[in-house]
Every structure is written in structure tokens, then in C-alpha cells.
Amino acid sequence: MPGPPAVINLTEDSDASELDADDFDDVPLETSEAPDALDDVEVDAHPYAMYYTNAAEPESVQDSGMQIVLEQEQAPNTPKKRGVQWTSQDRKNRVLVHQISVLSLLAAARMRNQWCNDIELRDTLQDMVPEHLVQKLFAIHPRREPERRERVRMFEGFVHDLVQWWASRFRLTDVSAAAWRQPSQELLCGKHLPPETWVDGWITESPAARMKRQRQVRKSKSRGAMEIAIFPPGAAAATPTYLRLLPPPDAHSLQRTVAAAKKMAGCRETSAILFCAMCRALGVPARLVVSLQPPPASIGAAKSQGTRKPALAQRSEEVTTSDEDDFEPLVRLRGSRALELERAQGAKPYYIEPVDTRTPPTVWVELFSKPYQHWITVDPVRALVRPTGNKHMEPLATNRQNKLMYVVGFEEDGYARDVTARYTRVLNSKVVQQRPEAPGRTKGHGVQEWWPSVVRALHRPQKLDRDAAEDAELQDNAAREPMPSSVGSFKNHPVYILDKFLRRDQVIHPPNRVGTFQGMPVYLRANLVHLQSARQWYNEGRTIKEGEHALKWVKTRGYTLYNKRVEEQAMTEHGQVPTEGLYAYTQTTLYTPPPVQDGKVPKNAFGNVDLYVPSMLPAGGVHIAHTAAAKVCRSLGVAYADAVVGFEFRKFRSIPRMLGVVVPSEHAASVWKAIGHAAEQEKRAELQKRQARALKGWKHLLTALTVARHIEEQYRAPQQAAPSEKKRVLNEAQAERQLRDDVPALKPMCASPLVPPPSPPPSPPREKSIVSLDELMAKEDARPSKRRIVVRRSTPEVRPARKSTRRAAANARGNIRYMDD
DNA sequence: CTGCTATATGCTTCTTTGCGAGGC
DNA sequence: CGCCTCGCTTTGAAGCATATAGCA
């Protein structure tokens, strides 16, 4: 998880994302507003160092109890080859995590950009600027210096001096712990980290330690720490790694940012944020530029990164020489008090991979030079001022902590602009391809790409002149990127494409060649056209225009048994592979079905109406989307046609999915009415049927009892035989009830409310055991006439209705009381 | 060692209108 | 007789992403 988004505030950004809500089903998410409670903490003394021990957590550490559990579906065991077997769900998760990270980072950056407008912060910073610099700035005015070229030079000189002054004054602290950089890949790649390891501002916990902490939290009734459980990728069930969030080390609130300004000390990112605020205070249009560092969207990228990283497991002094990137000694994030605590508990220091402040940053500033009418790139940490930035802000490909993927500049008014093109020379060949939904992954026409939609939400709705000029500049920058130098890199290239990478349903139209590579013509991806067969277009409610010729002929791909047979037959008869023509969208037109004429709905060859999309409804017709519609139409004598709304595929056979009928519009109302009527009647009939079944059951039972009594009367043996006889009869009765087990719960005909069955009802106290059926029936006769019949399956008592005219039924599952009417 | 290419492998997508027996 | 339900039918190929080996 990336460090910065201590607070997530998604507004427009969340609208821009095309994340399916379903994807979040498994993520129980509870958030609450997180007030800034650490504001009074000193910036200098590693404000969170004291929390780095397992000592009791101050209540202010975490305000929201948030739990994110990305669970994976249990899949059947697949034989493990080596390493982790990635499932398709893992891949989807990676993209999702990437996208959520990007949005979160944007939100975090936007919030910091807002802080730059804070009056107190601006005043604090403005007061610090030396007088001679302020004078230098004021001197740049058309009235004082009419020569524009001179003003351009003066502005650059001013910015240069300002940056020099800033870099010499601002003290860098907390650099590594607070760095905005690539999150570590170990966990995402399924590597197990030992407990008490620092991971991007989180700390790993052993299950036991977690339980213990949670017990303490419960006892003290305080809010728990924010924690997540990360499951390793792969199909096999595994134990997650538990992470607890540490307090953010950087100036994560406005108050702390102001404090950092007063101290003129903080991390690299804080330096850039404060510099931006200062420039705005001086009246110079300034952008806060952020190179977002989300985890990679593809597994391959993450894997190669993750495996090459030095083992974070070793966390002590010896790690300092583990990597060539390590220029700084081990960062010990300890205050003196924390160190004491640590010594007392025998804890080890956390290892945090260092950051080299000489490498390109992930946060910097752009200043708008009014005389030059261009944005100037400024890195206040390395004291760099450059009219163009790509050489100095692009990290090396080998840099694992900083990957240039999205660079966004936030302006004073809160709008942002995608300025990635300014800072990379490999925008199309590398950068774009790292984003999800790169050209190779999207398909078809009209597919919304994710990042462009995010950018649209960030950009100013109406372009300023300088925005338009910048767009041209950035486009020019991108256009200067050279053509790929290998066949492979043409694949999925966002600008160019070779014939050989065209898919079955793609064609270049118009086929304007823009170059040649190894003898192959090179085309622009912009001219790529997605094609579909006539049938496919028909399924979307479109037909091929008159006189259009197919742009491409391809081998048919019969899927159903029928079509396969047809293909085979064609093969044997003509000796050539059957082909079908493919057409572009522009060659099609909306399909208009023949209209309803003389009250008749025109049918197709199958005797129904194709209604795959609403536009395929014949003129003068109405779709009655009700399953009972056909029956009603038949009885009413209304001409109708079944509506086919789609297909289902089972066992290589396509089955039309029917839903309702199409009728002439003049009959629609009457058909709907009849449907309502029929439904009511059906309901009544159903009820009657159930009652008839219940009555039959009762009749059966009573007959059985009568017969039993007759038999008993005729063949009764002297006294002793009676009990066993009674038992037999009762068993019979019970079997009878079991036969009726499927009788559904009967709703009363009248409107009396159905009382839910009290469960389980106490058995009614029995006065004394019944010895014979005679006794039983005599008892029944003796009872006062009751309007309520209770049948309890659990009791071997049988209390049939005395009069056969009484309608009665019982739910064989027992204990449902039926109110007779 | 890195980057490129070819090959192997495993997963995903594409597809687009039955029939007859028997019961009610 | 008409309508409904049930059971049987069959079980691919292309395309794509990724992993891996080999080569320059």
C-alpha cells in the first residue's frame, strides 16, 4: 500500500473510475472521518518514533477502524510448479489495486495542493523570502522592462536564485520513511515477511501479536489501529499477512505542514509542497507536480521487481550494503524516548530502504513564466530549474523506487493536468504500456480507457489558452518519440502497428503507411478499425448498408454443432475453407424491422421477432415482456409474435432466450389488462388446487380411521389387543401425514393474518394416555366445537375435524395454525 | 548481463433458433 | 388433442498472455 494517502477523499476521481461496484463485494469497508490529532507533535523529533514500539498505543494513533480483506476464492488444488501460481482473479486484483492506488494518490496530492493555498502557510513562507529576491521578482514587469526576451531571462534568473536559496535553507529529514515511492512488492508477490517488518508505513504483525493487541484494544475500549490482512496470490488457501498502520511520518495535515514551514525542515515531498505554496504566495502561478507511484498493474512487472529486491527480512545494520542504490546509511527512525523503550523491550530497529535524494523526485513544482508563456520545471530539492523536464525527472529504468507512469500537475484552482508527456522520452513505448487497459488489452470500438477518463475528470472543463498551448507542446513532445526498434515492441504500441499484429477482426483503414520496419509497412494505430460480421452487427441491431463491401474476409468459426456441420459440408463440397465478410461500424446502419401492418406483427423465418436491442422493435408494435403474454394473446385472439431477446449457449447449441411477445400497439393495453386478470385467476386456481389437495388428504385420513374402526369393531380381540391396535392405527395416520409432506403452506382464503408458527410449541398437556380409538373419538365428540384445528406432527395425537363440511388443512411440516372461516 | 525472438503452455473467448417421448 | 416437461444431444479452435530457452 502506498504511503501518502493517509486520508482518502474521492470525489470526482471516484466518478471517473470505471470500477465495477461488484468488485468490492468482498471488501467490508468502514471509514470514518479522521481528525488530525497529531498536529501538536514536533516535526523534528521523529514524531511517530515513539509508536514504533509495541508500547500502549496512544488513542490518537488511529481514528478509524478500517479493515480491508481481499479474499480469494477457494479453488481446487492445482499442482504447484514453482513459485506462485497466479490466478486470473489475482490479475484482476492487481489492476484493481493499481487503479484504486492511482485514485487514492491523486486524492492525496489534490489535498496537499489545497494546503498550498492556505493563508497562514502562505504568509509564513512569504515572510521568509529574502527582500532582494522579492525585488528581483517585482522588477519583471513590462512597464519596467519592455524587452520581452529580457524579461524571460530575468524570470529564469529569479527562479534560479529562489530555488538555490530554498535548497540551502530547507533541511531534509525523514527522507526515507516519508518518501512517496513505489510500494514494496514482496507481499503482493506472495513473499512472507517476518513480523515487525516495516512495509510502506505499515508494520507486519504475527497473528498472536495481533490478537493480543486487539484484546488490549477491547479492554481499553479505544479505537483499534487501522489494519489490513493481505492474502498471498495463488489458488491455494493461505494465511494472510497482517499489517497495522503506523502513524504517518510526513507532514500529513495542514497544521503539520505549517509547522514544517516554520521549521523549514521535512521530507523531500514536503519541501516541494512548501516551495509550491511559497511561489503561489509570491504571485507566481505554480503547479504541484506528482509522479504517482502505484503498484504495477501487471503481474510480470511486479514479479521482476519483487524478486530482485533485496530481502527486507534482514532488518539490521548489515543491510546497508545490500544494494547499489544505497547511498545513505541505515535510517534509524528513533527518538531518544523510543530508543529507551526499545532497549527496555529488546526490540530491533525497523529497516527502511533508503532513498537517494540525488535521484529524480516523485514530487516537484512547475512555475508558469508569464514572459515566456511556458511552464518551467523546478525541483526545489536538487535545486534544478529547467524549461523542459524530461532529462531530469525521468528515473532510470532500473530504479525500483520510482517508476514514471502518471505525472499530474495540480494548479492553484484545484484542476490538474496530465503532464506525463513532458517528463519521459518513452511515453508510448514504455509508459503507456504500463497502464491498465493499454491498447493490447482493450478491444473493440468505443471502449472507454480508464486513465483518459480519470484525466478528463481532473482537467479544467474549458481549456485556457495556455492549456491549449501546453497540449500542443506535449503532443509535439510525444510525436518526437522514435519508432520502436524491434518487432516485439510494435506489439501493443499505442501509436504504431504492424500488419502481423492485427487481430482477426481488425483492419487498417485507410491503409496509410507511415514507415517501414524490416520490410514491413508500419501503420498508425489510430487507423485501426474493429470489424464484425453481418450477423454480429445484426445482434446489435445494425445492418450493413446497401452496396458496402466487406473490408476483410476471414475463416468462419462455427460454434454450434449445426454450423460446424455446415462448415464441414462446405469443405468437402467445395474444397475450400468457408469464409465470412467483416464490416466496420461505419458501414452499418440502424436496423429497422418491417412495421406492423393490418394488425399483424411480421415474423422472421423462425416465427418470432428478434428483439436483441430495443431499437429492433417493429414500428407500431409493443413489447410485452411477460412470460404469460403469449397465452393471453392466444385466448384474446390478438396477433402476436414471440420476442427473442438473446441466446443461451449450452453444449454447443444456442438456445433462443424468449421473453414475452410483440403485439400491435393498439392491443397492448388490453393484453396487459388480461395478463393481470389471468395472473389473478391463476393465483385463485392455485389456491383452490391446494385446498383440494388438502381436503383430499383429510378425506383419506378420515376414511382410514373409519375403516380402522370398523375393523376394530368387527375383529376386536378381548381387552389386551387394544393397545397394539391403537398403535397401528396411529402409525397409519402418521404415514398418511408423511405422504402429504409436500403440501405447501396454505394461506387462508380470508384476509386474516397468518400467524407465524411459534417454534417449538410446548406439547399440550395430556390428561391421560389414550387407550383405544373409541376413547379418542368419544373424546373428540365430547369437546366443544372449535373453530381452530391444530395439527402437531410431533404429537401422536390425532384430532380430526368433527364435521366433514369443515374445510381444514394442515401443514404437514407442523405447527401452522389454520384459521377456519 | 541485457534485450530480443521463438516456442511452449495454459487460460479465455468466440458462438447466435432441437427433438422426441411421455405425462397431464 | 394440445401443451408442457424432461432427457438426450456433445465435449473445439483461435487468440492471447505469460514463461522459458536460446541467441546476439
Side-chain angles (χ1 to χ4, degrees), chain A residues 75-76 78-92 94-95 233 235 296-304 307-308 324 396-398 426 429-430 433 436-444 484-492 498 500-506 517-518 530-542 554-568 571 577-580 582 603-613 616 627-628 630-631 634-635 641-659 689:
Chain A
T78 45
K80 266 196 183 172
K81 270 188 180 171
R82 84 189 70 157
V84 190
Q85 283 289 78
W86 299 83
T87 63
S88 68
Q89 189 57 48
D90 287 329
R91 289 177 221 288
K92 284 177 200 156
R94 289 310 293 264
V95 172
S298 76
I299 281 167
K303 235 180 166 181
S304 59
T307 49
R308 280 181 209 167
E324 79 277 359
L396 293 174
T398 52
V426 289
S429 56
K430 290 265 155 57
Q433 293 184 40
E437 298 181 26
R441 294 177 217 183
T442 57
K443 51 174 188 163
S485 55
S486 73
V487 180
S489 44
F490 272 99
K491 194 172 185 185
N492 293 345
L498 296 177
K500 65 185 289 185
F501 293 124
L502 283 178
R503 297 194 197 158
R504 197 187 95 109
D505 56 355
Q506 289 177 332
F517 184 81
Q518 293 182 357
H530 177 80
L531 305 176
Q532 284 191 325
S533 67
R535 172 73 213 194
Q536 282 171 313
W537 284 123
Y538 181 67
N539 288 337
E540 292 176 22
R542 305 191 69 83
V554 293
K555 207 177 131 198
T556 53
R557 272 192 295 179
Y559 174 77
T560 56
L561 297 171
Y562 175 78
N563 280 343
K564 274 188 198 303
R565 233 168 274 148
V566 169
E567 273 175 38
E568 225 166 88
M571 266 291 270
V577 206
T579 56
E580 61 181 343
L582 300 182
K603 297 179 182 178
N604 63 15
F606 300 98
N608 47 39
V609 170
D610 298 323
L611 203 61
Y612 311 131
V613 288
M616 292 174 88
T627 42
K631 211 172 173 181
R634 268 196 303 279
S635 65
D642 289 311
V644 179
V645 294
F647 291 91
E648 264 172 58
F649 294 93
R650 275 205 298 261
K651 315 238 178 193
F652 295 90
R653 193 165 271 147
S654 71
I655 298 144
R657 203 147 36 94
M658 315 285 236
L659 179 62
K689 221 159 102 187

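Reminder, nothing fancy here: chain letters follow the sequence lines and each chain counts from 1.
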Side chain of A/Arg557 only, heavy atoms from C-beta on: which candidate in C/dA14, B/dT17, B/dT16 is closest? C/dA14
How many Å lie between CZ on A/Phe652 and P on C/dA13, as a whole number? 9 Å
State which of B/dT16, C/dA14, B/dG18 makes the closest approach to the side chain of A/Asn563. B/dT16
On DNA chain C, check which nucleotide each of A/Lys631 and A/Asp505 is closest to and give me the residue with the more 5' one. A/Lys631
Check against side chain to side chain contact (heavy atoms under 4.5 Å, CB included), A/Val487 and A/Lys500: CA-CA 10 Å; A/Val487 180; A/Lys500 65 185 289 185; 3.7 Å; yes
Given atom CD of A/Gln536 and atom P of B/dT16, what is their separation to the nearest angstrom? 8 Å
Provide the distance between the two P atoms, one in C/dG15 and one in B/dT16, to the nearest whole Å. 15 Å
Are A/Phe517 and A/Phe490 an aromatic pair, judged by ring center distance below 6.0 Å? yes
A/Asp642 near the nucleic acid: base, sugar-phosphate alone, or nothing, with a heavy-atom cut-off under 4.0 Å? nothing
Mapping A/Asn539 and A/Ser485 to their closest nucleotides on DNA chain B, which lands nearer the 5' end? A/Ser485
Between C/dA14, C/dA17, B/dT16, which nucleotide has the shortest distance from any of its atoms to the side chain of A/Lys491? C/dA17
Checking salt bridge (charged side-chain N to carboxylate O under 4.0 Å, His left out) against A/Glu580, which of A/Arg557, A/Arg535, A/Arg504 comes through? A/Arg504
Among C/dA14, B/dT17, C/dG12, the one nearest A/Tyr612 by side-chain distance: B/dT17
As a test of reading the structure: which of B/dC14, C/dG12, B/dG18 is closest to the side chain of A/Phe606, going by heavy atoms? B/dG18
Give me the distance, rounded to whole Å, that separates C/dC8 from B/dT17 when you measure between the P atoms they each carry. 24 Å
A/Asn604 atom CG is separated from B/dT17 atom C1', nearest whole Å, by 9 Å
So, taking the atom named OH in A/Tyr612 and the one named OH in A/Tyr538, what distance separates them when rounded to the nearest 0.5 Å? 5.5 Å
For A/Asn608 and B/dT17, give me the distance from atom CG to atom P, rounded to whole Å. 11 Å
If only side-chain N and O atoms of A/Ser486 are considered, is one of them under 4.0 Å from the OP1 or OP2 phosphate oxygen of B/dG3? no
Proximity to the side chain of A/Lys564 - top-ranked nucleotide from C/dG12, C/dG15, B/dT16: C/dG12
Atom NZ of A/Lys555 and atom P of B/dC14 are separated, to the nearest Å, by 17 Å
Between CD of A/Gln532 and C1' of B/dT13 the distance, given in whole Å, is 14 Å
Picking from C/dA14, C/dG12, B/dT17, the nucleotide nearest the side-chain atoms of A/Val644 would be B/dT17
Please state the C1' separation for the pair C/dC1 and B/dA21 - nearest whole angstrom. 16 Å
Quick check: closest heavy atoms across A/Ser489 and A/Gln433, and the distance to 0.1 Å? O-NE2, 4.4 Å
To the nearest Å, how far apart are A/Arg565 CZ and C/dT11 P? 9 Å
Among C/dC4, B/dT5, B/dT17, the one nearest A/Val487 by side-chain distance: B/dT5
Output for pair (A/Asp642 CG, A/Asn604 CG), nearest 0.5 Å, gives 10.0 Å
Nucleotide B/dC4, atom C1' - distance to NZ of A/Lys500 in whole Å: 12 Å
Looking at B/dT16 and A/Phe647: do their rings stack (centroid distance under 5.5 Å, interplanar angle under 30°)? no
